[in-house]
> 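Have a look at this one.
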Protein chains: 2
Amino acid sequence: MDAVEAANSGHPGMPMGMADVATVLFQQYLKFDPADPKWADRDRFVLSAGHGSMLIYSLLHLTGYAQPTIEDIKAFRQIGSPCAGHPENFELPGVECTTGPLGQGLAMAVGMAIAERHLNAEFGDSLVDHRTWAIAGDGCLMEGINHEAIGLAGHLKLGRLIVLWDDNDITIDGKVSLSSSEDVPARYRATGWHVVECDGHDPASIAAAIDAAIADERPSLVRCKTIIGKGAPNVQGTSKTHGSPLGAAEVAAARETLGWNWPPFEVPADIRAAWLEAGRRGAGLHGEWEARLAADPRRHEFLERTMTVASLAAPALEGFIAKLAAEPQKVATRKASEMALEPLTAAIPHLIGGSADLTGSNNTKTKATGPLTAENYGGRYLYYGIREFGMAAAMNGMALHGGVVPYGGTFLVFSDYCRNAVRLSALQRVGVVYVFTHDSIGLGEDGPTHQPVEHLTSLRLIPNLHVFRPADTIETAECWALALESTDAPSVLALSRQNLPQLRGAGDENWSASSNRSAKGAYRLRAAQGDRKVVLIATGSEVAIAVAVADALAAQGVGADVVSMPCWSLFDAQPAAYRSDLLPADALKVSIEAGTTLGWERYTGLDGLNFGIDRFGASGPGDALYEYFGLTAGAITPQIIAKL
Amino acid sequence: MDAVEAANSGHPGMPMGMADVATVLFQQYLKFDPADPKWADRDRFVLSAGHGSMLIYSLLHLTGYAQPTIEDIKAFRQIGSPCAGHPENFELPGVECTTGPLGQGLAMAVGMAIAERHLNAEFGDSLVDHRTWAIAGDGCLMEGINHEAIGLAGHLKLGRLIVLWDDNDITIDGKVSLSSSEDVPARYRATGWHVVECDGHDPASIAAAIDAAIADERPSLVRCKTIIGKGAPNVQGTSKTHGSPLGAAEVAAARETLGWNWPPFEVPADIRAAWLEAGRRGAGLHGEWEARLAADPRRHEFLERTMTVASLAAPALEGFIAKLAAEPQKVATRKASEMALEPLTAAIPHLIGGSADLTGSNNTKTKATGPLTAENYGGRYLYYGIREFGMAAAMNGMALHGGVVPYGGTFLVFSDYCRNAVRLSALQRVGVVYVFTHDSIGLGEDGPTHQPVEHLTSLRLIPNLHVFRPADTIETAECWALALESTDAPSVLALSRQNLPQLRGAGDENWSASSNRSAKGAYRLRAAQGDRKVVLIATGSEVAIAVAVADALAAQGVGADVVSMPCWSLFDAQPAAYRSDLLPADALKVSIEAGTTLGWERYTGLDGLNFGIDRFGASGPGDALYEYFGLTAGAITPQIIAKL
């Protein structure tokens, strides 16, 4: 309450209401070692109700983590303090994931619990044997993603996942009963969970409930009956304590009520000592674990799994790309992705695939990736069900856990369903790979509800996210390599449903199997025949159209380069000289992409031409739709001539 | 199966599996009149499992709707046919809403059921007394939005909502058991629903279950045990029938199995006659209803409610704007929105407000809008709970039902959670209004998880959606008027948390209370003092910064216009002369917006300057963040001078 007061901003209610539960958890149950926040076999703790950030900052400080210091806490919610408004994994090593967007913390915890069981199946109890804990509030439970997350956890029987529900009857607007009449325990039981209740202010009751949760084989929901803002005598139990400082008078009254006679930010020596001792509980277990690891013949293998996959991707694809160069393939890029995934999943055991019930359409399953199920956690393919948001958040949790690198598929248009989890991948700096297929009107008959038009650029807008839209088999392999080499930023692979010609190969003058031309984000696929008057820029399935336009222009004596631009963010990061060489000031620049044109002006300027689709799609065969929307060489070429 | 075969594309499994259920519903229960698809008191039928579109096309055709014709059905999934891949409300009058994105149809049905009870509370049983029916599959039930939708329906005790669950054990990837172990009926019961089961291929069993559903006061889930693709002897009951044509051989075998001896698209006279008779069932009820309406003293009021609100908005705001002009207010635009909503909700009974548990932050509640609850459906404010996606879909359903115009709030960053429903508002052409507050880093301490940066432009990318970002109290009122006048396109109001100065008023030379300057999307707020070298373009909270920059430039002898651009889409629709007058070729064009810069090149060109935030935000006080990210007159002005 003092940190919130000092910041004049924040959420005191949840930290005060869940302090008793968190104390029991951190002092008696949680397996952790503040001296090594990244110990691989630590329990994972997720504060899904991220607005209660002062709770975790307090716990990390008291148990002896190097960070946050008391000075950090005094600077709560100020620029430069690692104690941000909501907990951020990139600010504090003790924070496992970034929370605040409701429901996603719990869903990431599900992913962590999956990763734990998977690695346990591979390396055994002696190296991997930990639990995942989450504290969640009513918001986390009411969000739709909760249904997806607990459905997945129940189905996979993730018994080492324990959610502590801060059942305080309060939401921001008032009582929970204002908006919900749900029997939460019954709902959890209906999805395969064990539910146990406790008095969230009685340590013995809390411990008994946690013991029961540990003993049960199912994932557990521990219903902790609590009073929000407990200790603030005039406002506790009301939404007034949720999201704003208590105020000086109420803070003073709370000190009185709680019998806390110390000034702000002062922790009495005996209390500090007791907390530090609790923080040292794990040191012995950690030491024993290190000894087991040192003696384990699979030590190097285990350590490699906690390291980057970056160096493994390109070599795994070399043979595949060389073969493509010799024998060009006309396939959909979703199929090219599957072909690239075969050698990748065979060579890289980290990779865990999956799809939100579109396996055969996303082409995400390979021979090396058998099903990961409750009966076989050692599998490497997850049938996520029709749960896009739950899948994306679980992948974030898996990546944050470490030891695995998840990729998962759905249709590009349904990136909308998991968009905030994609954003959290980017914010949390994890190398998750999204396989988004059916990436334009080219998918055809399913029509406008299924045809992305704004999605490519709307994803490009997300900071620290690489959006790849490869044009053919070889670019698809290149983009897969780049995606896996990007370990601190997530990637989207936008892939076609329809077949596309292979545009590169051994016949090219620039051909080299070992140089990844997609790595600069854009490159000159074809140089103009004769005087260059035009530069055509395209991505994915429209690169072949650009090549046809260039041919048509050449037939009329107009020289046009074709630039393939599979990744805007990588291109934007190139030196100015490279960018202006590709997109020179004196050429008419023309973009072709089967999506909204907004944004393309960055490359084509106010005098360029942008061919795209600034309306919703339509239902019809893919080829017919390209005609209908004027995305053909026949429709585009005369407009360029006219412009010239 | 024949239409899917002709299209060589589509989903035969669901229409064949649910044909028996749909027959009972349409022949015995559904209240409708094909002669008047828009009869206000008709039952609403939603095919939430939209991929089964051939089911509803068949039903509409057989029961005698003017559309689709048999020729339309023969052209299933072809450009120009109203029989699109998924059902579209803008193609066929008998289709209540556009479905396909899973889960949203059922959630829209919840909104329709809310609208029905609300209008019933106002106009009574004699004018408003109908049911809402939805057919949903396992996908609709597994999606997260299902949890939000049924939680809302259960809480509001929407007993006139009946969901027919196509329980066929199959998803695209295979058996439901591949990804789910859920006890669906138990989950529905846990959220306040009545559940009844039937054999989905036994008409008597189906009718008995529907009778039980009608008799129960709670919303009902009717579990219909069905066989997907029933009748196709070799593939029924498997995912093979779900999403692709059966093939000529299997179609022939199905004809044999079903004893259907007619060629494709031929309906025998006796069967057609029976269906047409079923279609005429509602004509009598419709006639009686029309007679009651004609005799009702509130007839005009009722009819007005089914008409546009467009003409009511501007007059309702006139006095408010005049008062602001005389007494400028420095308030947050979210507060300005609340102030505008007071006269709007007082004058326009159509308006139904709400928020996803952020009422006090979104400022969406007014004096005129008391709570709409299970005990008082006549209320006009919905506490949606922490259910952004469910809220947005419910609003779509309410708008599609007609008679009400919904608006609802959450934080702008959480537009991600409901993004595909916003897209469906736009695709379905409904005038829903989204109140998205806390629209930039200006929200301050909550940090990057809560600070939108990419969201403004990512929403601008959605076709047929107006994104408004007003700069002050007067623009906020203007944008509200424009949003309500836009009855065939939804609107987003992006509103600040922080206070903003009022920039217009009676002191202006251009002042007029009756001309809505925001209507052109952008306008010259301030003309350059002296020679214009620069045009500053800004939106929302950054317009005041642009004014300060103009002042700083003027002090250095550099003339700069300030253009306020509250709505890109409206500006883009202006004549070229207006656009080039505002943004002349010979001026340095500079954009200032606290969001990602991508897209601004459309207005500033390759030689302009774009000030924004191309990374995630940070936690700190709002003013400090504007300093930190360089969005101040002090930071911007010298960069403009340098560029000049």
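Reminder, nothing fancy here: chain letters follow the sequence lines and each chain counts from 1. Just so it is clear, the model here is predicted, and its values are computed rather than measured.
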> Once you round to the nearest 0.5 Å, how far does CD1 of B:Ile172 lie from OH of A:Tyr383?
13.0 Å

> Would you mind checking which part of A:Ala426 comes under 4.5 Å of any heavy atom in chain B, side chain (CB onward), backbone (N, CA, C, O), both or neither?
both

> Please answer whether the main-chain N or O of A:Arg602 pairs with a side-chain N or O of B:Arg602 as donor and acceptor at a distance below 3.5 Å.
no

> Regarding A:Arg77 and B:Asp446, does a basic nitrogen lie under 4.0 Å from an acidic carboxylate oxygen?
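B:Asp446 and A:Arg77: salt-bridged.
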
> Any idea which of B:Gly620, B:Ala190, B:Ser239 has the most non-hydrogen atom pairs under 4.5 angstrom with chain A?
B:Ala190

> Mind checking what makes side-chain hydrogen bond (donor to acceptor under 3.5 Å, both in side chains) contact with A:Arg423, not counting sequence neighbours?
B:Glu454

> Side chain, backbone, both or neither: which part of A:Ser9 has a heavy atom under 4.5 Å from chain B?
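Answer is side chain: those atoms of A:Ser9 sit under 4.5 Å from chain B.
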
> So which residue, A:Leu461, A:Thr171, A:Leu102, A:Asp357, ends up with the most heavy-atom pairs under 4.5 Å with chain B?
A:Asp357

> Any donor-acceptor pair under 3.5 Å linking the side chain of B:Asn420 with the backbone of A:Tyr417?
no

> Report the option among A:Val422, A:Thr449, A:Asn464, A:Leu625 that has the most heavy-atom pairs separated by less than 4.5 Å from atoms of chain B.
A:Thr449

> Return the CZ to CZ distance between B:Arg429 and A:Phe616, rounded to the nearest 0.5 Å.
9.5 Å

> Could you check which of A:Gly447, A:Pro185, A:Gly599, A:Gly174 has the highest count of heavy-atom pairs closer than 4.5 Å to chain B?
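Answer, by heavy-atom pair count under 4.5 Å with chain B: A:Gly599.
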
> Around atom CZ of A:Phe90, are there more than 12 heavy atoms from other residues, nucleotides or ligands closer than 6.0 Å?
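Atom CZ in A:Phe90 is packed in, count exceeds 12.
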
> Can you tell me which of B:Arg460, B:Glu91, B:Arg187 forms the most heavy-atom pairs within a distance under 4.5 Å of chain A?
B:Arg187

> Step through the shown structure and confirm whether more than 12 heavy atoms of other residues, nucleotides or ligands are within 6.0 Å of NZ on B:Lys240.
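Check fails, neighbour count at 12 or below.
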
> Taking every heavy-atom pair that is under 4.5 Å apart, which of A:Val176, A:Thr596, A:Thr359 has the most such pairs with chain B?
A:Thr359

> Heavy-atom distance under 4.5 Å to chain B: side chain of A:Ala624, backbone, both or neither?
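Both the backbone and the side chain of A:Ala624 come within 4.5 Å of chain B.
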
> Using only non-hydrogen atoms and a strict under-4.5 angstrom cutoff, which residues of residues 148-155 of chain A touch chain B?
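The list, in residue order, reads A:Glu148, A:His155.
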
> Count the heavy-atom pairs under 4.5 Å between each of B:Cys83, B:Ser355, B:Gly144, B:Gly85 and chain A, then report the option with the highest count.
B:Gly144

> Between A:Trp600 and chain B, which part of the residue has a heavy atom less than 4.5 Å away: side chain, backbone, both or neither?
neither

> Tell me, out of B:Ile145, B:Leu358, B:Thr98, who's got the most heavy-atom pairs with chain A below 4.5 Å.
B:Leu358

> Does any heavy atom of chain A fall under 4.5 Å from the side chain of B:Pro452, the backbone, both, or neither of them?
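Contact with chain A is through the backbone of B:Pro452 alone.
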
> Pick one of side chain, backbone, both or neither for A:Gln451, based on which atoms fall under 4.5 Å of a heavy atom in chain B.
backbone

> For B:Val453 and A:Pro463, work out which heavy atoms get closest and say how close.
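Looks like CG2-CG, 4.0 Å.
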
> Is A:Ser177 close to chain B through its backbone or its side chain, or both, or neither, when contacts mean heavy atoms under 4.5 Å?
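Only the backbone of A:Ser177 comes within 4.5 Å of chain B.
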
> Would you give the length of the straight line joining atom CD of B:Glu182 to atom NE2 of A:His147, rounded to the nearest 0.5 angstrom?
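Taking CD in B:Glu182 and NE2 in A:His147, the distance rounds to 5.0 Å.
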
> Please classify the contact of A:Thr99 with chain B as side chain, backbone, both or neither, using a heavy-atom distance under 4.5 Å.
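Answer is backbone: N, CA, C or O of A:Thr99 sit under 4.5 Å from chain B.
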
> About how many Å separate CG of B:Asp614 and OG of A:Ser569, when rounded to the nearest 0.5 Å?
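With rounding to 0.5 Å, OG (A:Ser569) is 12.0 Å from CG (B:Asp614).
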
> Heavy-atom distance under 4.5 Å between the side chains of B:Arg387 and A:Met142, does that happen here?
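They are in contact (side-chain heavy atoms under 4.5 Å apart), so the answer is yes.
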
> Measure the shortest side-chain to side-chain distance between A:Gln78 and B:Ser619 over non-hydrogen atoms and say whether it is less than 4.5 angstrom.
no

> Nearest 0.5 Å, what's the NE2-OG distance between B:His455 and A:Ser458?
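Between B:His455 NE2 and A:Ser458 OG, I get 10.0 Å after rounding to 0.5 Å.
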
> Out of A:Arg189, A:Gln104, A:Lys157, which one racks up the most heavy-atom pairs below 4.5 Å with chain B?
A:Gln104

> So which of B:Asn8, B:Thr457, B:Leu427, B:Leu424 has the largest heavy-atom pair count under 4.5 angstrom toward chain A?
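The residue among B:Asn8, B:Thr457, B:Leu427, B:Leu424 with the greatest pair count is B:Leu427.
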
> Between A:Ala585, A:Ala84, A:Ser180, A:Gly192, which has the largest tally of heavy atom pairs under 4.5 Å with chain B?
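Ranked by heavy-atom pairs under 4.5 Å with chain B, first place is A:Ser180.
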
> Go through B:Pro101, B:Gly605, B:Ala7 and name the one with the most non-hydrogen pairs under 4.5 angstrom from chain A.
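Result: the option with the highest number of such pairs is B:Pro101.
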
> Tell me the closest heavy-atom pair linking A:Gly139 and B:Ile386, and the distance in Å.
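Closest approach of A:Gly139 to B:Ile386, heavy atoms only: CA-CD1, 3.5 Å.
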
> Between A:Pro87 and chain B, with a heavy-atom cut-off of 4.5 Å, which part of the residue counts as in contact: side chain, backbone, both or neither?
neither

> Taking all heavy atoms of B:Leu606 and all of A:Lys589, pick out the closest pair and write down the distance.
CD1-CE, 4.4 Å

> Nearest 0.5 Å please: distance from the CG atom of B:Leu178 over to the OH atom of A:Tyr384.
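Atom-to-atom, B:Leu178:CG and A:Tyr384:OH are 13.5 Å apart.
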
> Chain B heavy atoms under 4.5 Å from A:His51: which part of the residue, side chain, backbone, both or neither?
neither

